[in-house]
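For reference, the structure is listed below as structure tokens.
Numbered from 1 within each chain, the chains take letters A, B, ... in sequence-line order. Both backbone and side-chain heavy atoms feed into the values below; hydrogens, waters and symmetry mates do not.
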Amino acid sequence: GQARIAVASNFGEVARLLADDYSRRSGHAIQVSTASTGKLYAQIGHGAPFDILLSADDTTPLKLVREGLAIEASLYDYATGRLVLWSRRPELVRDGEALLRAGTFNKLAIANPELAPYGAAARELLTRLGRWDALQPKLVLGENVGQAMQFAFTANADVGLLPRSLAMEAEKKVGGSSWLVPQEQYRPIVQSAVLLSRARDNAAAVGFLQYLRGDAARAVIRAHGYD
Amino acid sequence: MSPLWPAILVTARLAGLTTLILLVLGMPLAWWLARTRSAWRVPIGAVVALPMVLPPTVLGFYLLLGMGPHGPLGQLTGALGLGTLAFTFEGLLLASVLYSLPFVVHPLQAGFAGIDAAVLDAAATLRASPLDRFVSVVLPLSRPALVTATLLGFAHTVGEFGVVLMVGGNIEGETRVLSVLLYDQVEAMAYGDAHLLAGGLLLFSFLALLLMQRMGRRTVLAHE
Amino acid sequence: MSPLWPAILVTARLAGLTTLILLVLGMPLAWWLARTRSAWRVPIGAVVALPMVLPPTVLGFYLLLGMGPHGPLGQLTGALGLGTLAFTFEGLLLASVLYSLPFVVHPLQAGFAGIDAAVLDAAATLRASPLDRFVSVVLPLSRPALVTATLLGFAHTVGEFGVVLMVGGNIEGETRVLSVLLYDQVEAMAYGDAHLLAGGLLLFSFLALLLMQRMGRRTVLAHE
Amino acid sequence: MSDERQTDTGTGIEIELQHRRGNFSLDVALHLPADGVSVVFGPSGCGKSTLLRAIAGLEPEARGIVRLRDEVWQDEHHRLPAHQRRGGVVFQHAALLPHLSVLDNLRYGWRRAGGTAALLEEWIDKLELAPLLARRAATLSGGEQQRVALARALVSRPQWLLLDEPLSALDGARRAEILPYLEAIKRDAGIPMLYVTHSVEEVARLADHLVLLDAGRVTASGAALDVLNRPDLPLALREDAGVVLEARACHQDEHGLIELDTPAGRLHAHAPAARVGHRPGTPLRVRIQARDVSLALQAHTDTSLLNLLPATITALSPLPGGQVQIRLDAGGQLLLARVSHRSVERLDLRPGLQLWAQIKAVALLV
Amino acid sequence: MSDERQTDTGTGIEIELQHRRGNFSLDVALHLPADGVSVVFGPSGCGKSTLLRAIAGLEPEARGIVRLRDEVWQDEHHRLPAHQRRGGVVFQHAALLPHLSVLDNLRYGWRRAGGTAALLEEWIDKLELAPLLARRAATLSGGEQQRVALARALVSRPQWLLLDEPLSALDGARRAEILPYLEAIKRDAGIPMLYVTHSVEEVARLADHLVLLDAGRVTASGAALDVLNRPDLPLALREDAGVVLEARACHQDEHGLIELDTPAGRLHAHAPAARVGHRPGTPLRVRIQARDVSLALQAHTDTSLLNLLPATITALSPLPGGQVQIRLDAGGQLLLARVSHRSVERLDLRPGLQLWAQIKAVALLV
Ligand SMILES: Nc1ncnc2c1ncn2[C@@H]1O[C@H](COP(=O)(O)OP(=O)(O)OP(=O)(O)O)[C@@H](O)[C@H]1O
Ligand SMILES: Nc1ncnc2c1ncn2[C@@H]1O[C@H](COP(=O)(O)OP(=O)(O)OP(=O)(O)O)[C@@H](O)[C@H]1O
Ligand SMILES: [Mg+2]
Ligand SMILES: [Mg+2]
């Protein structure tokens, strides 16, 4: 069989690895399409031929269920993202919290809190630290985490509050310095998956969701910086 | 690099077909806009340019609305037994054409407007019908405008990605074009791949643009 | 609707300034491209069009690389004591100009190419210097091309959003333009707001385009 | 106004056109012969080009009738578009196709009209276009452009030639070379021509029918001889006034001098080099300009004035500048002479006086 | 080739230009007077327009020298661009600015040259442009465009007028109206003119200096009278051959007949209406065309031929078509007569024969 999975951009790379692995094991063909969660939502509402949604949040799948476009029973939290304060400058981030309090950087890149769960988490963290208002002039907003990452990666922003998955990737490439934000500082960034109604009887799709719950998949996901 | 080939094929097909359709549609429209004295000239000229002022994704969103099962276009295609156009190559083509239309129509219009009526009159007295005059006089004389239109139409379709992403749904082999692939690579921090792809795209496009400009000139010299 | 006003202001400023700069830069460049016999004509024409074939966000990414502290442009502006251009209005302006350049240069080039040399010769014998001829003969005679260039340049800047998003960093009152706002609304599934904003933008742009086309005509008739 | 002799449907040319352009209005009704040259003559701005354009179908707002023999190009009910009217137009400004070579300009109409290779070659030869064939229009001199435009119209197999000052940019020598070809077309091909010119010489040589146009209205239209000889018309006041006689060649001596039989008597004339070799009996046309006719009370044979015609003065009319135009009756044929007022006094010239009209053979235009 | 009489730097005009365009090459060296009309005459395609364009600075690749009095427009070292050469050019195709009204076309150069309102009005008046002022170039007739182009050059306060067939699209009447104004400019304003024309009449009336051009080379250049009277030149072979005499008005009768003192003797001539009223002593120029001169063995006074000059035949040269060109010596002045070969035989014309040259007063062109 064959299935198309719609994946939030930030998880696209991992999803492709998983899809390949799953295809090798099951013989089913999986096609991965990536876009922002908002776009995927709009597309699904207008008849996009997707079978599974791997969302960047846990609210969009629920919304789809409520609208009858997805199957409630299939809801599954496939990953929990972690927030990292990353800088390309190797010396900059030692004590992240202190750095955020001091504000000794030119710009802080985050994803747009209205659009991206990681952005919302960053806002929550800064609010808790009492720095949200004070840091406003230094904030630059990416449309998604990818863009926020590019702001920091190109060193146009000294620091960024980013997904650990991307920060690991960046560190691999250019080093830099980072601080893993403690999970208590923000509500967990839960990313959930859901089977879309049109794929109710799609063995390949149902099988992929099954596979996602398995140890092999979980190991891959964890290796890429998700809890 | 396995996802590259399907994307190249889709891109080439999309850009080629879009440019072709744009020229075929754009030429009569531009000719009309350039020559008519109708009061509709100005508003219609503005309407053609209008899709440009919307951000591509937003335009894509509205196209999606229109093409979806509940949208007017979707209902039409549905009634015709064609299903919906969204997420198909045809839908992508339609969206691209709509979005790149002004880049073709307006330069052509400006070019056509400059053609000396006396020369067209002369051609008419030499038995050339209106269509014949258009092909044998107007087109060769508006070569710079034609090259511009082709060039802008083509390049814009290659680079366009907001509408494509929205209407096409990034489906490999069908609607995933190079621009979307490149976007994905950058998002995924696959910068190495992205540099390579961007470099290749630029080089290829540069050569294509060069060729286009030169061919435009050749064709005309060989004409008649 | 409080975020609307700053976005409107930034957009108007950006589109206005970009169009102005584009016309100022584009006219001599287009004139050169239209009249030179240099072998550089074709490749330079292609280079001008090249930014278009990259998806805007990708172009934005490369601009960010270039403008960043390690990029060539960033090192230049740094050495000049200007800091980096990213996330500033000036940076945004630079990016917009670069990206919309072909929409202005190419139509102008096509228009300029059609001007009869005999008329320019006549003006020269009537004591008009090259600049004077450009202003008093070339520009009025290429009115359709000028309108097209202004229209495409303006509309494209208003609608452009990928580059803006990337280089601008979406800072309210500084770099957040309407197109980004609209995009955000669609992404955030705030479709009601989006419909309103898109409708308003379309209506306003329609009126602006109408006015532009009419003004273009008036100015010329009043000329000389 | 217009001469109504050829109203027979199906044979002549009928033109009835109304057209406004700004303050200018054209309003003409003409019947022209379908097998000769009709020259349109009139001051600058009188509407000659507009008339030709309207006939060719290039003024879509011109209303009226255009009929060539039994082919209706336009009437109240329908209107052929320009490309379906088989007219061959030479525009006042050559209007060559700027993107094509000279050869391709020629071939443009020729191919569409299905001309033969021979036709194309013939006119390339006659108008000496061979060295220009590969060139673009913009690189041609003014006169070269005009020759190409003429050839382009001629090879498009027109049923009616509409020529707007086709020779105005040519030097005298070229003009003299090309005129005979136009005369030959008129004679051999039977293609009617409507010919706009400012040159009285061209009128005299080509016109079968002459239309005088002024401010968009026809002020005279008729057989060229009649109109040219009407002394009350503006033309007669012009320096080039004269009469045109139908003649017949009788004899040509070894030096090229031709003896002609004319209604006014036997005349001697020289034929231009290009036209030496007239058979006896060939019908010819001689133009006698008023300025070339001198008057003598006796017949002097010791002068180089070879032509002496007995004549009677019928009228004298003063002209501006101290000159007098004299109408003569020479064997029933009208002649015009222009002399000084002083001569009128000295010779006591008056109506009824019998005398001799003297004309140099080299002054006669055949 | 060129006459080298005016080599004095600072007063004359010096032109030395080389230019290639495709197969055509222009190579001229000319000295022209700086205060008269130099007419350039030559067949179509010989390079007249190219020469004018090069002088005006419109052919950037033309090399050489252009100097007007002490103002150097171009030499080996530097080259003024076209807009800094103060030439007034009338192009063969009027080249009006298509986006401007007639008035704005006139004002274009006028304003840039700092002309006065009076100057503008003067030429609008003289060339009767008032009714056209608001119109666009494209709506003008061919002749109207030419008039506007002429006025446009004249109001731009040129130091040198470069006119490329400025009257070719005009009818005879208009031409006759405008010529006197050009003559007046030449007389009054002291602006030199370089005048391209195909019309021998314009040559005769305007030229002080005549340049014959052929295939890009100067074949003759000199005072107009000398060149016009040189019988070995192509011009002399043309139908319009003749001689031009410098004359002085003596007396004008009440009818407008002028008595002229010429080197050949006393002549009677008519002045065109526009030029009635010559004071005694006014220098004038008379042209006597060979075709208008008849020969008589005795002086006949009973004819309308008012002018009888005693003359001696100096040479006979046969022309094509059975005509003979005869050179006469009339009181030391060369005259040309063209007669039939038959007359030569009949009157036994031969060198040395003394006879009378007869010329009609109305045939003399003043
Ligand atoms: N749009 C217009 N508005 C006003 N008058 C116009 C317009 N178009 C043409 N005319 C006038 O119509 C008249 C006829 O023009 P046309 O070109 O037919 O003249 P023509 O007889 O060919 O003159 P020429 O011998 O100078 O070529 C001219 O007086 C011209 O000014
Ligand atoms: N690019 C070119 N290639 C070849 N020949 C050229 C080119 N441009 C001009 N010529 C030739 O140069 C010659 C001179 O042209 P020019 O226009 O000066 O002639 P002209 O004396 O003004 O003729 P006319 O009386 O017909 O206007 C012409 O024979 C023309 O064909
Ligand atoms: Mg005309
Ligand atoms: Mg010329």
**OP:** Check the pair C:D132, E:R112 against side chain to side chain contact (heavy atoms under 4.5 Å, CB included), reporting the backbone distance first and the verdict last.
**Re:** CA-CA 10 Å; C:D132 186 351; E:R112 284 166 177 81; 2.6 Å; yes
**OP:** Please lay out, stage by stage, how E:H99 and C:V137 fare under the test side chain to side chain contact (heavy atoms under 4.5 Å, CB included).
**Re:** CA-CA 8 Å; E:H99 58 299; C:V137 179; 4.2 Å; yes
Subject >> Minimum heavy-atom distance between E:H83 and C:A128, given as atom pair plus value >> reply: CB-O, 3.1 Å
**OP:** Can you tell which part of E:L96 gets under 4.5 Å to a heavy atom of chain C, answering side chain, backbone, both or neither?
**Re:**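 The backbone, not the side chain.
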Original post:
Side chain, backbone, both or neither: which part of E:R53 has a non-hydrogen atom closer than 4.5 Å to chain C?
Top reply: side chain
Subject >> Side chain to side chain, C:L126 and E:R152, heavy atoms closer than 4.5 Å >> reply: yes
Original post:
Is a side-chain N or O of C:R127 found less than 3.5 angstrom from the main chain of E:G87, in a donor-acceptor match?
Top reply: yes
**OP:** Find the distance between CG (E:L97) and CG (C:L141) and round it off to the nearest 0.5 Å.
**Re:** 7.5 Å
Original post:
Are more than 12 heavy atoms from other residues, nucleotides or ligands located less than 6.0 Å from atom CZ of C:F89?
Top reply: yes
**OP:** Considering only heavy atoms and a distance below 4.5 Å, find which of E:P98, E:P81, E:A113, E:A153 pairs most often with chain C.
**Re:**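 Looking at each option in turn, the highest pair count goes to E:P98.
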Original post:
For chain E, which residues from residues 112-123 of chain C have at least one heavy atom closer than 4.5 Å to it?
Top reply: C:A118, C:V119, C:D121, C:A122, C:A123
